[in-house]
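In what follows, every heavy atom counts, from backbone to side chain, and hydrogens, waters and symmetry copies are set aside.
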Amino acid sequence: MSRIGKKPIEVPAGVEVKVQPGVVTVKGPKGELVQPISREMKVELSDGTLTVERPTNRGEHRALHGLTRSLIANQVEGVTNGYEKRLEIQGVGYRAQLKGKGIEMALGFSHPVQVDAPDGIEFEVPQPTEVVVRGIDKQLVGEVAARIRKNRPPEPYKGKGVRYAGEHVTRKIGKRA
């Protein structure tokens with residue numbers, strides 16, 4: 001078994017990890033996550049440290065090794081601190097507001113756009129032009145944020161639309177007379 005180049009995962013106090021064949025369950029102060037993993041990877045928990053080992057040095061085993069380690073590390077991070085993605089809304093009249101567990105956005109269409117929060121996700125709207133997506137599952141948080149952005153991605157001429165906080169939109173020059 002080889003674990004060359006991969007650092008072990010430190011499990012903080014208050015986080016409980018169960019390793020079963022093909023499944024890793026992580027339970028912490030913010031919730032519980034279950035992650036299926038390849039049966040070829042060997043995951044061991046000893047003295048508050050998780051190590052992932054691969055059976056051979058073949059390319060597919062090296063790739064699975066890194067993937068498995070990242071998925072488990074993201075689980076541990078999620079149940080301790082959680083994840084968040086911030087979105088900015090730019091454009092005249094474009095805004096968002098909370099409606100129950102979901103959000104309702106005015107994005108220049110003839111109708112408001114509704115986005116419901118799936119289980120494990122919560123929205124926050126600190127300003128009408130800012131949306132925060134929070135949760136413990138990194139993949140789900142990113143997926144929901146991408147779905148919100150997809151409703152009106154930023155356009156290149158005026159920059160109007162929904163973008164990630166800090167995202168740079170390359171602007172184009174319009175027509176010239």
Side-chain angles (χ1 to χ4, degrees), residues 5-7 9-10 12 15 24 26 28-38 50 52 59-60 62-177:
K6 300 296 181 199
K7 58 185 178 185
I9 303 163
E10 296 295 325
V15 175
V24 174
V26 180
K30 290 196 177 253
E32 180 177 359
L33 290 171
V34 178
Q35 179 67 51
I37 59 169
S38 172
L50 275 168
V52 180
E60 58 267 20
R62 290 198 319 256
L64 263 178
H65 184 202
L67 172 71
T68 304
R69 191 220 169 271
S70 293
L71 290 174
I72 295 170
N74 289 342
Q75 279 183 291
V76 172
E77 177 72 19
V79 298
T80 53
N81 302 325
Y83 290 100
E84 78 173 25
K85 286 263 187 187
R86 292 183 172 272
L87 298 161
E88 298 171 346
I89 302 173
Q90 291 189 351
V92 176
Y94 289 15
R95 65 188 170 280
Q97 62 184 8
L98 283 174
K99 282 279 174 137
K101 285 192 74 181
I103 55 172
E104 181 179 270
M105 297 182 292
L107 297 174
F109 299 120
S110 61
H111 59 282
V113 177
Q114 298 274 353
V115 178
D116 295 324
D119 291 339
I121 295 293
E122 55 187 52
F123 294 125
E124 182 186 334
V125 183
Q127 300 172 13
T129 59
E130 193 177 336
V131 176
V132 180
V133 182
R134 284 200 180 93
I136 61 171
D137 188 349
K138 185 176 187 177
Q139 182 177 349
L140 187 59
V141 168
E143 188 178 318
V144 170
R147 228 181 300 139
I148 292 171
R149 184 183 182 275
K150 187 178 176 185
N151 288 312
R152 178 71 87 172
E155 54 94 21
Y157 294 101
K158 292 186 179 178
K160 298 185 336 182
V162 180
R163 63 178 76 179
Y164 296 115
E167 177 183 0
H168 175 71
V169 177
T170 304
R171 303 283 296 272
K172 289 184 178 179
I173 300 171
K175 281 186 184 178
R176 297 209 174 159

*Report the C-alpha distance between Tyr83 and Ile136 in whole Å, list the side-chain angles of each, state the deciding distance to 0.1 Å, and finish with yes or no for side-chain contact (heavy atoms from CB on, under 4.5 Å).*
CA-CA 6 Å; Tyr83 290 100; Ile136 61 171; over 6 Å; no

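- No donor-acceptor pair closer than 3.5 Å links the side chain of Tyr94 to the backbone N or O of Val162.
- Once rounded to the nearest 0.5 Å, the distance linking CD1 of Ile148 with CG of Leu107 reads 10.0 Å.
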_Pair Val52-His65, side-chain contact (heavy atoms from CB on, under 4.5 Å): steps then yes or no_ = CA-CA 7 Å; Val52 180; His65 184 202; 3.4 Å; yes

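- Residues Leu64 and Ser38 share a closest heavy-atom pair of CD1-OG, 3.7 Å.
- When Glu104, Met105, Arg95, Lys99 are each tested for a side-chain contact (heavy atoms from CB on, under 4.5 Å) with Pro112, only one passes: Glu104.
- Across all non-hydrogen atoms, the minimal contact from Gln35 to Leu71 is NE2-CD1, 3.7 Å.
- When atom types are taken as modelled, the side chain of Arg163 and the backbone of Pro154 share no donor-acceptor pair closer than 3.5 angstrom.
- Contact of the Arg69 side chain with the Lys7 side chain is registered, since non-hydrogen atoms from C-beta on lie closer than 4.5 Å.
- Among residues two or more places apart in sequence or in another chain, the salt bridge (charged side-chain N to carboxylate O under 4.0 Å, His left out) test is passed with Glu167 by Arg149.
- A donor-acceptor contact shorter than 3.5 Å is absent between the side chain of Glu124 and the backbone of Pro126.
- Surrounding CZ of Phe109 are more than 12 heavy atoms belonging to other residues, nucleotides or ligands, all under 6.0 Å away.
- Closest approach of Asn151 to Arg147, counting heavy atoms only: ND2-O, 3.4 Å.
- Scanning for side-chain hydrogen bond (donor to acceptor under 3.5 Å, both in side chains) contacts around Gln139 gives an empty result, with sequence neighbours left out.
- From Ile121, atom CD1 reaches atom CG of Asp137 across 7.0 Å, with rounding to the nearest 0.5 Å.
- Separation of atoms CG (Leu33) and CD (Glu77) is listed at 11.5 Å; rounding is to 0.5 Å.
- Within the model, atoms CD of Gln90 and NZ of Lys158 stand 13.5 Å from one another, a figure rounded to the nearest 0.5 Å.
- Side-chain contact between Val133 and Phe123 is present, with at least one heavy-atom pair separated by less than 4.5 Å.
- Taking both residues in full, the closest heavy atoms of Ala145 and Lys85 are given as CB-CB, 3.9 Å, listed atom of the first, atom of the second, then distance.
- The salt bridge (charged side-chain N to carboxylate O under 4.0 Å, His left out) check on Glu60 picks up Arg58, with sequence neighbours excluded.
- For the pair Ile9 and Ala73, the tightest heavy-atom approach, listed with the atom from each and the gap, is CD1-N, 3.9 Å.
- From Glu155, atom CD reaches atom NZ of Lys172 across 10.0 Å, with rounding to the nearest 0.5 Å.
- Here Glu84 pairs with Arg86 in a salt bridge; the nearest charged N to carboxylate O distance falls below 4.0 Å.
- The two residues Val125 and Ala96 make their nearest non-hydrogen contact at CG1-O, 3.6 Å.
- Interatomic distance, CG of Leu67 versus CD1 of Ile72, reported as 9.5 Å (0.5 Å rounding).
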